2 protein chains.
Amino acid sequence: MSNNARFAEIAALAGDPGRASMLNGLMDGRALTASELAQLAGITAQTASSHLTKMTEAGLLQVEKQGRHRYHRLASPAVAQMIESIMRIAAPEVSVKAVRTGPRDAALRAGRTCYDHLAGHLGVSITDALIDAGHLELGIDAGEVTDSGLVLFDRAGIDVDVIAKRGRILCRPCLDWSERRPHLAGAIGAALCSHCFDNGWIRRIEGTRAVSVTPNGQRQLRETFGVSLS
Amino acid sequence: MSNNARFAEIAALAGDPGRASMLNGLMDGRALTASELAQLAGITAQTASSHLTKMTEAGLLQVEKQGRHRYHRLASPAVAQMIESIMRIAAPEVSVKAVRTGPRDAALRAGRTCYDHLAGHLGVSITDALIDAGHLELGIDAGEVTDSGLVLFDRAGIDVDVIAKRGRILCRPCLDWSERRPHLAGAIGAALCSHCFDNGWIRRIEGTRAVSVTPNGQRQLRETFGVSLS
DNA sequence: AGAATGCTTCGAAAACGATCGAAGTATCAA
DNA sequence: TTGATACTTCGATCGTTTTCGAAGCATTCT
């Protein structure tokens, strides 16, 4: 198959509403069953199954069989990045009189996971606080944790040395589609996200990839990282 | 229109072989006419016109009318990045007994432009030379020009200060689909590419985005940047 | 003015892919 | 073993999209 045909094939896979919904649903890095994905996309199990087969064969997804369940997840961070980059083009301009499309959407804008790190107002706020304090440098395409940042993370109980050894880029920016500004991604972004979940600072809003900040989380984020969520 | 529907719409646009060819043809940042794009994609002018209209309406392309010609270009670097990210997923694994699919393909692998910077063996070789000499640090997701690199570029006649002020990321990596390793992109990558063209170090191979290195270019690249093209 | 070029619009034919009901396989539970 | 759940495969239908010939409009050339 020619290179170009394969390009079109991959893009076309993401270009079906049903499949797009499923890919979106997997953007938080979780592995979901075929039924869950079917419901999420609003299609029958048969249709979903056919879609999932195609996407798996094309290398977009990975399946893990576990008893009578089949867990599907994005095949790699590269796939998540592809989805993000499409989302960035697809995200409507944030107009002055932007239509708020409902409470569910508002929650997503407030805070959500993006593959394995934090996004939305929450993610950008944390990122901004780290940059303002000189712990982080972040552009649209590249980023770096400063020495003071390394100290800070270490003090917070996030062992950067261990994380850095996993052969994954430590620190990279990810352009937020709702805020249209970069937030922290990469291994350190993922570690920070886990840390927030593990310590009960944030909690997932059932059935979505939106997250809410607990009162304790709000305090801890302010005290540890200087984050103020307006 | 829901967010998800628009995502699917964008991806579907890239998911047609004809349109994919055209987008690929525009990846070097040039603006091409509708006829050129039609020929490139191997379709009739009518079909191309319909495709181009759709992509322009969706915000993927920009048109510039000039007399009886209509020049089409990618609407933004973000679109180029989206295409790159899809290409990264679509690029077949480089197997040991990879099939060389012809001389035209070989030329592309040897050297080409990628949006506005250099890619292929040429691009990666330059990038490697800069990294080896300590002028550049580059990962898969992030990169930085070192102090010695700044001096080097300045001495070569590339004014980094001026470039840096254009509000574009100075230095970022771009994963090469043929070499599957990062090459230099961002503003400095674009400047370096222009510099090579302007000084006659490289020349575009008519009708493709492949470039050939002139004998003088080969010498200059070696002397200035320590590049050895094997 | 008349002819040629570049491109778009219209309309019809053909191809393709999504969808779901029905039936089949695998796993689990009791 | 029996029944339920999770998922896949098959087959037919139906809607969408691509495609290109033909005709139309705009611009440039002579």
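To find a chain, count down the sequence lines: A is the first, B the second, and so on, and within it residues start at 1. Every value quoted in this text rests on a predicted model; they were computed, and no experiment measured them.
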With sequence neighbours excluded, tell me which residues meet salt bridge (Lys or Arg N to Asp or Glu O under 4.0 Å) with B:Asp16.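 Residues passing salt bridge (Lys or Arg N to Asp or Glu O under 4.0 Å) with B:Asp16: none at all.
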
Checking A:Arg112 side chain against A:Ala119 main chain: does a donor-acceptor pair fall under 3.5 Å?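 Such a contact is absent between A:Arg112 side chain and A:Ala119 backbone.
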
Suppose we screen for side-chain contact (heavy atoms from CB on, under 4.5 Å). Which residues come up paired with B:Ala12, at least two apart in sequence or across chains?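 For B:Ala12, no residue satisfies side-chain contact (heavy atoms from CB on, under 4.5 Å) once neighbours in sequence are set aside.
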
Residues that A:Asp159 engages under side-chain contact (heavy atoms from CB on, under 4.5 Å), provided they are two or more places apart: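 Partners of A:Asp159 by the side-chain contact (heavy atoms from CB on, under 4.5 Å) criterion, ordered by chain and then number, come out as A:Asp154, A:Asp161, A:Val162.
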
Please state how far atom [atom1] in [X] lies from atom [atom2] in [N], giving the value in whole angstrom units.
X	N	atom1	atom2	answer
A:Glu57	D:dT9	CD	P	9 Å
B:Glu36	C:dT5	CD	P	16 Å
A:His69	D:dA4	NE2	C1'	12 Å
A:His72	D:dA6	NE2	C1'	10 Å

Letter by letter from the 5' end, nucleotides 16-22 of chain C scores (B base, S sugar-phosphate only, - none; protein heavy atoms under 4.0 Å) --SSBBB

Heavy atoms from other residues, nucleotides or ligands near CD of B:Gln39 exceed 12 (cutoff 6.0 Å):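 Counting neighbours around CD of B:Gln39, 12 or fewer heavy atoms of other residues, nucleotides or ligands fall under 6.0 Å, so no.
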
Sequence-distant partners of A:Thr33, side-chain hydrogen bond (donor to acceptor under 3.5 Å, both in side chains), two or more places apart: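 Once residues adjacent in sequence are excluded, the partners of A:Thr33 under the side-chain hydrogen bond (donor to acceptor under 3.5 Å, both in side chains) criterion are A:Glu36.
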
Going by the angle between their ring planes, with limits at 30° and 60°, are B:His195 and B:Trp201 parallel, tilted or perpendicular?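 Judged by the thresholds at 30° and 60°, the geometry between B:His195 and B:Trp201 is perpendicular.
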
Within the 4.0 Å heavy-atom criterion, would you say B:Ala45 contacts the bases, only the backbone, or no part of the nucleic acid?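 It contacts base atoms.
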
Can you check nucleotides 26-30 of chain D for protein contacts, nitrogen or oxygen pairs under 3.5 Å, and list what you find?
none

Pair B:His183, B:Leu118 - check side-chain contact (heavy atoms from CB on, under 4.5 Å), show working. CA-CA 8 Å; B:His183 59 245; B:Leu118 294 171; over 6 Å; no

